[in-house]
Amino acid sequence: MAKDIKAEEYITGSEVVHKIERIGSLATLGNWAKEMERMGHKFQHDGRGRRIYSDDDMKLLKQMNDLLGDRNTLKQAVDVTLGVTDKDAAEKEKAADGKQTPAVLDKKMLQAQNKDLSEIKEMLAQLVKQNQQYHEENVQLQAQVTELTEMTKKNEQLLQEPPKKKSWWHRHFGSDED
């Protein structure tokens, strides 16, 4: 079973980005971390599977930052920082395959996740209700459109029929028959 780690001992990726100037974004930090993992370094992960960084990780990242400032490539900076050759990294990866990194337990995070999930469920219920209302309104509007279409067709037919001719007498004096 994995050893539980307190969340206060680690910092998040966004905090690392703010502390180390050359990183600049979470994407860059992710690239650095992936290269370090490829060379055998293991990062801790929080309950959501995101990397979290210890003081030792911060020291390594700062050292990499300095090396990259001296115009080294990322791979060179990782090699120097970790002091690892490709052979060493492959051996470490094979040895670590059976081991699990410990999960970080953070009750506040779990409570926040549960709250978020219940809010999402409420929003989905509201969306379903709103969708039903829209559907009912749509059916009513469709019926009105159909009714108006039929009335328009009748009016068009009446307009196309030639008017009945009335005699001069009927036009001026009318008749009892009309």
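Note: hydrogens, waters and symmetry copies are ignored here, and every other heavy atom, side chains too, is used. For reference, positions follow the sequence shown, starting with 1.
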Undergrad: Calculate, to the nearest 0.5 Å, the distance between atoms NZ and NE2 belonging to K165 and H170 respectively.
TA: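 Separation between the atoms: 15.0 Å.
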Undergrad: Under a 4.5 Å cut-off applied to non-hydrogen side-chain atoms, are L127 and Q130 in contact?
TA: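 Sidechains of Q130 and L127: in contact.
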Undergrad: Quick one: CD1 on I20 to CH2 on W32, what's the gap to the nearest 0.5 Å?
TA: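 Reported to 0.5 Å precision, the distance equals 6.5 Å.
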Undergrad: Would you indicate whether the side-chain heavy atoms of L61 and M36 approach each other to under 4.5 Å?
TA: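 Yes - at least one pair of side-chain heavy atoms lies under 4.5 Å apart.
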Undergrad: So, are D79 and K75 salt-bridged, with charged N and O less than 4.0 Å apart?
TA: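 A salt bridge is present here (some side-chain N lies under 4.0 Å from a carboxylate O).
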Undergrad: About how many Å separate CE of M151 and CD of E156, when rounded to the nearest 0.5 Å?
TA: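 The CE atom of M151 is 12.5 Å from CD of E156, to the nearest 0.5 Å.
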Undergrad: Got L124 and I120 here, is their nearest side-chain heavy-atom distance under 4.5 Å?
TA: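 Heavy-atom side-chain distance check passes, below 4.5 Å.
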Undergrad: Quick one, K19 and V16 - any side-chain contact, counting heavy atoms below 4.5 Å?
TA: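 Side chain of K19 against side chain of V16, heavy atoms only: no contact under 4.5 Å found.
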Undergrad: Given side-chain contact (heavy atoms from CB on, under 4.5 Å), test V80 with N72 step by step and report yes or no.
TA: CA-CA 10 Å; V80 170; N72 289 299; over 6 Å; no
Undergrad: Check this for me: does any side-chain nitrogen of one of E35 and R38 sit under 4.0 Å from a carboxylate oxygen of the other?
TA: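 Here E35 pairs with R38 in a salt bridge, since their nearest N and O are under 4.0 Å apart.
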Undergrad: Minimum heavy-atom separation for Y53 and G13, please, with both atom names.
TA: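 Nearest pair, atom of Y53 first, then G13: CE1-CA, 3.7 Å.
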Undergrad: Will you find, in the side chains of T152 and N155, an N or O donor that is under 3.5 Å from an N or O acceptor?
TA: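 On atom types as modelled, these side chains do not qualify, holding no pair under 3.5 Å.
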Undergrad: Test R51 against K34 for side-chain contact (heavy atoms from CB on, under 4.5 Å), laying out the working first.
TA: CA-CA 10 Å; R51 288 183 200 94; K34 283 178 191 171; 3.5 Å; yes
Undergrad: Begin from the C-alpha positions of S54 and D57 and carry the test side chain to side chain donor-acceptor pair (under 3.5 Å) through to its verdict.
TA: CA-CA 5 Å; S54 67; D57 295 332; 3.3 Å; yes
Undergrad: Could you tell me whether E147 atom CD has more than 12 heavy atoms of other residues or ligands within 6.0 Å of it?
TA: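 12 or below, so no.
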Undergrad: Apply the test side-chain contact (heavy atoms from CB on, under 4.5 Å) to residues L141 and Q144: give CA-CA distance (whole Å), side-chain angles for both, the deciding distance (0.1 Å), then the verdict.
TA: CA-CA 5 Å; L141 288 173; Q144 289 176 351; 3.7 Å; yes
Undergrad: Are N65 and I23 close enough, and set up right, to give a side-chain contact (heavy atoms from CB on, under 4.5 Å), and what steps lead you there?
TA: CA-CA 8 Å; N65 185 44; I23 293 179; 5.6 Å; no
Undergrad: Indicate, with yes or no, if the rings of F43 and H45 have centres closer together than 6.0 Å.
TA: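 No, the ring centres sit 6.0 Å or more apart.
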Undergrad: Side-chain contact test, heavy atoms from C-beta onward, threshold under 4.5 Å: evaluate it for H41 versus T81 and give yes or no.
TA: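 Side chain of H41 against side chain of T81, heavy atoms only: no contact under 4.5 Å found.
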Undergrad: For the pair E15 (side chain) and T12 (backbone), establish whether a donor and an acceptor sit closer than 3.5 Å, ignoring hydrogens and angles.
TA: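 It does hold such a pair.
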Undergrad: Quick one: CG on L68 to CD on Q63, what's the gap to the nearest 0.5 Å?
TA: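 Rounded to the nearest 0.5 Å, the CG-CD separation comes out at 11.0 Å.
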Undergrad: Under 30°, 30 to 60°, or over 60°: which ring-plane class applies to W168 and H172, parallel, tilted or perpendicular?
TA: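 Taking H172 first and then W168, their aromatic rings sit tilted (interplane angle of 30° to 60°).
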